[in-house]
Amino acid sequence: MKWATNPYLILFLIAVSLGFPFCKSTDSITNSTKEKNVSPSAIETKQNIPLTKELRLTYHAVWVAKENFELTQSTSLFGTGNQYKIQLPEGQPFLWLRLSSTDRENQSQFRYFFKDETQNPDVSYFVWGQKKCSVQVYRMDSGEFYLRWEGIHNGFLLVFESSTKNSDPPKELAKSFHALILGSLETY
């Protein structure tokens, strides 16, 4: 109880408690913060910052886009893979792209964007480094073509999906889709 009998401590506590009622905020400080306007040029410069151009699919695979895109969805697949949906710029044959990866244990459970078991897709095989990959082309009920690129890298299934209204033959669509994927997919 030494602290209770210390006269200096008691005087300090009394001075502090008496001093608080005399402290008050000034209205000029609160008004100046309320009246502070953000200039439109500051907002515009934030909007001109380039969007993210890299999406990590696995430790050894990264999507490095050559053009800006808008990331519309990002989820984790089975705790070991990733899935992204991106919007590509107007004027391209493929306006959206879904990028996915999953490990070997979960490949049988993978949920594709479009699945039609009654239709035989047009399948094209391409050389991808020292491996092979496939591009499947399905005709959807809406008249569009659905494309699915699949390849395995370091034990991970990589899947890229999109659709197009382009009326080229399926083999040509598969070639252009494969070129789009290889143009932005980097593996280590």
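Not measured: the values here are computed from a predicted model.
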Are [X] and [Y] side-chain neighbours, meaning at least one heavy-atom pair lies under 4.5 Å?
X: Trp63; Y: Ile181; result: yes
X: Ile86; Y: Glu70; result: no
X: Leu185; Y: Phe160; result: yes
X: Thr75; Y: Gln83; result: yes
X: Leu97; Y: Ser162; result: yes

Side chain of [X], backbone of [Y]: donor and acceptor closer than 3.5 Å?
X: Asp168; Y: Leu173; value: no
X: Thr164; Y: Pro93; value: yes
X: Tyr84; Y: Arg56; value: yes
X: Lys171; Y: Val123; value: yes
X: Ser101; Y: Leu57; value: yes
X: His153; Y: Tyr188; value: yes

Could you tell me which non-hydrogen atom of [X] sits nearest to which non-hydrogen atom of [Y], and how far apart they are?
X: Tyr146; Y: Met140; answer: CB-SD, 3.4 Å
X: Phe145; Y: Ser167; answer: CE1-CA, 4.5 Å
X: Ala174; Y: Val137; answer: CB-CG2, 4.2 Å
X: Leu95; Y: Gln92; answer: CD2-O, 3.6 Å

_From CA spacing to verdict: side-chain contact (heavy atoms from CB on, under 4.5 Å), Thr58, Leu158_ = CA-CA 9 Å; Thr58 70; Leu158 302 177; 4.1 Å; yes

_Could you check whether atom NZ of Lys132 has more than 12 heavy atoms from other residues, nucleotides or ligands sitting under 6.0 Å from it?_
no

_Would you say OH of Tyr59 has more than 12 non-hydrogen atoms from neighbouring residues, nucleotides or ligands within 6.0 angstrom?_
no

*asked:* Pairing donors with acceptors under 3.5 angstrom, does anything connect the side chains of Gln87 and Thr72?
replied: no

*asked:* Side chains of Tyr138 and Gln136 only: does a donor on one sit below 3.5 Å from an acceptor on the other?
replied: yes

To the nearest 0.5 angstrom, please state how far the [atom1] atom of [X] sits from the [atom2] atom of [Y].
X: Ser124; Y: His178; atom1: OG; atom2: NE2; result: 10.0 Å
X: Glu186; Y: Glu54; atom1: CD; atom2: CD; result: 7.0 Å
X: Leu88; Y: Ser184; atom1: CG; atom2: OG; result: 8.5 Å

*Take Val135 and Phe126 through the side-chain contact (heavy atoms from CB on, under 4.5 Å) test and state the conclusion after the steps.*
CA-CA 8 Å; Val135 177; Phe126 297 97; 3.7 Å; yes

_Apply side-chain contact (heavy atoms from CB on, under 4.5 Å) to residues Trp96 and Ser163 and explain how you reach the verdict._
CA-CA 7 Å; Trp96 64 272; Ser163 66; 2.9 Å; yes

_Please identify which of these residues, Trp128, Tyr125, Phe177, meets the ring pair (Phe, Tyr, Trp, His ring centres under 6.0 Å) condition with Trp149._
Trp128

